[in-house]
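As structure tokens, the structure follows; a few thoughts come after it.
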Amino acid sequence: MGSFYHVVGYRLPKNESILTPKHSYCPDCGKKLEKRDLIPVISYILSLGKCRHCKSKISIFYPVVEVLTGLLFALCYHMFNYSY
């Protein structure tokens with residue numbers, strides 16, 4: 001969910017579609033990100049916070065949003081004790 005929130009927050013202000021392109025890409029070089037680049041937080045750490053293609057710096061905001069989204073979902077689960 002955190003990744004989707006980022007797509008919406010990044011693309012909508014630029015009047016870009018959130019549906020197309022269907023893949024994630026580097027905002028600097030435009031290269032399509034591969035599956036190994038899309039593992040939340042882990043990919044950021046392994047790439048040392050840089051694009052694999054152009055080596056441009058990736059904002060720390062990306063993994064922070066991923067972690068906070070996970071924590072908020074866990075908090076909601078704990079507070080409301082969802083069960084099936």
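The minimum heavy-atom distance linking Lys32 with His53 is given by the pair O-NE2, 3.8 Å. Of all non-hydrogen atoms in Tyr10 and Pro27, the two that sit nearest each other are OH-CB, 3.0 Å.
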inquiry  = Apply side-chain contact (heavy atoms from CB on, under 4.5 Å) to residues Lys31 and Tyr25 and explain how you reach the verdict.
reply    = CA-CA 5 Å; Lys31 294 278 189 176; Tyr25 57 88; over 6 Å; no
request  = Give the intermediate values and the outcome of side-chain contact (heavy atoms from CB on, under 4.5 Å) for residues Asp37 and Arg52.
outcome  = CA-CA 8 Å; Asp37 300 322; Arg52 236 177 0 94; 3.0 Å; yes
Check: residues 56-66 side-chain donor-acceptor pairs under 3.5 Å, at least two apart:
from: Ser56; atom 1: OG; to: Asp28; atom 2: OD2; distance (Å): 2.7
from: Ser59; atom 1: OG; to: Phe61; atom 2: N; distance (Å): 3.0
from: Glu66; atom 1: OE2; to: Ser3; atom 2: N; distance (Å): 3.1
from: Glu66; atom 1: OE2; to: Ser3; atom 2: OG; distance (Å): 2.4

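Atom CG in Leu38 sits 15.5 Å away from atom OH in Tyr44 (nearest 0.5 Å). Taken from NE2 in His78 to CG in Leu71, the straight-line distance is 13.0 Å, to the nearest 0.5 Å. Rounding to the nearest 0.5 Å gives a distance of 12.5 Å between CD of Glu34 and OG of Ser24.
Ile42 belongs to a hydrophobic cluster whose other members, connected by ILVMFWY side-chain contacts under 4.5 Å either directly or through intermediates, are Ile39, Leu46.
Hydrophobic clustering, with ILVMFWY side chains joined whenever heavy atoms are under 4.5 angstrom apart, groups Val8 together with Leu19.
With hydrogens and angles ignored, the 3.5 Å screen pairs no side-chain donor or acceptor of Ser43 with any backbone N or O of Pro40.
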